[in-house]
Amino acid sequence: MHNIAGSPASLPGDDCAQGKDAGRLSAGQQARCCARRPRSCCQQVPSDGTIRHLHRMIRAALQDAVIDGLIPDNPARNLRLAHRYRPRFTPLTGAEAKLLLKTAKSDRLYALYAVALALGLRRG
């Protein structure tokens, strides 16, 4: 088994493939990969946003392969990702919005707040 660079890949439980944990351990720091001593998985997994981003990239690459005739169909096209975490937002009431504008009257971003409240905009 080899990694992208062509050197032998780490086996599960060994130091991470980039050797970063070996350096951390020799410096007296804690390992961050599953190379912890004693060996135990850190249970750190990518966030939902990271998974969605990676899925979009893989789906686009596979679609390019379909267009180029390298594969017959895109296996990632119909994949639906489960969402574990969706933040719930509670909109401001009319009274809360008025209080916010009254409080922010002297703030330099008052116009931004007023437009955001009037149009229901959110940051991002």
Side-chain angles (χ1 to χ4, degrees):
M1 184 168 40
H2 288 75
N3 61 17
I4 294 173
S7 60
S10 298
L11 297 174
D14 289 343
D15 287 338
C16 69
Q18 297 175 350
K20 292 180 181 179
D21 273 339
R24 288 185 187 111
L25 290 172
S26 65
Q29 298 174 346
Q30 268 194 325
R32 294 185 188 169
C33 293
C34 290
R36 290 183 171 187
R37 304 291 189 256
R39 292 183 182 187
S40 64
C41 184
C42 60
Q43 302 296 319
Q44 292 181 351
V45 296
S47 69
D48 284 348
T50 300
I51 291 172
R52 281 193 305 274
H53 175 71
L54 292 171
H55 175 250
R56 281 192 301 269
M57 288 180 15
I58 291 170
R59 186 179 60 213
L62 289 171
Q63 189 59 38
D64 287 345
V66 169
I67 291 169
D68 292 343
L70 300 174
I71 58 175
D73 61 341
N74 186 346
R77 182 177 4 148
N78 296 323
L79 177 67
R80 298 292 174 243
L81 300 175
H83 301 289
R84 291 178 298 181
Y85 172 72
R86 283 280 171 146
R88 300 273 182 211
F89 297 101
T90 306
L92 297 178
T93 64
E96 291 171 333
K98 287 178 184 177
L99 179 63
L100 174 65
L101 289 177
K102 181 180 177 184
T103 306
K105 188 73 170 173
S106 62
D107 192 289
R108 67 183 183 88
L109 298 175
Y110 175 79
L112 173 73
Y113 303 142
V115 169
L117 284 170
L119 299 178
L121 300 178
R122 62 180 176 84
R123 194 175 154 209

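The side-chain contact (heavy atoms from CB on, under 4.5 Å) check on Thr93 picks up Ala95, Glu96, with sequence neighbours excluded. In terms of the side chain to side chain donor-acceptor pair (under 3.5 Å) criterion, Thr90 has no residue partners (sequence neighbours excluded).
Here Ile58 is tied into one hydrophobic group with Leu62, Val66, Ile71, each link being a pair of ILVMFWY side chains closer than 4.5 Å.
Within a 6.0 Å radius of NE2 in His55, other residues, nucleotides and ligands contribute more than 12 heavy atoms.
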Compile the donor-acceptor pairs under 3.5 Å between side chains in residues 97-117 and protein atoms, sequence neighbours left out, one pair per line.
unit_1	atom_1	unit_2	atom_2	d
Thr103	OG1	Leu99	O	2.7
Asp107	OD1	Leu109	N	2.7

Could you list the donor-acceptor pairs under 3.5 angstrom formed between side-chain atoms of residues 72-81 and any protein atom two or more places apart in sequence or on another chain?
unit_1	atom_1	unit_2	atom_2	d
Asn74	OD1	Ala76	N	2.9
Asn74	ND2	Arg59	O	3.1
Asn74	ND2	Gln63	OE1	3.3

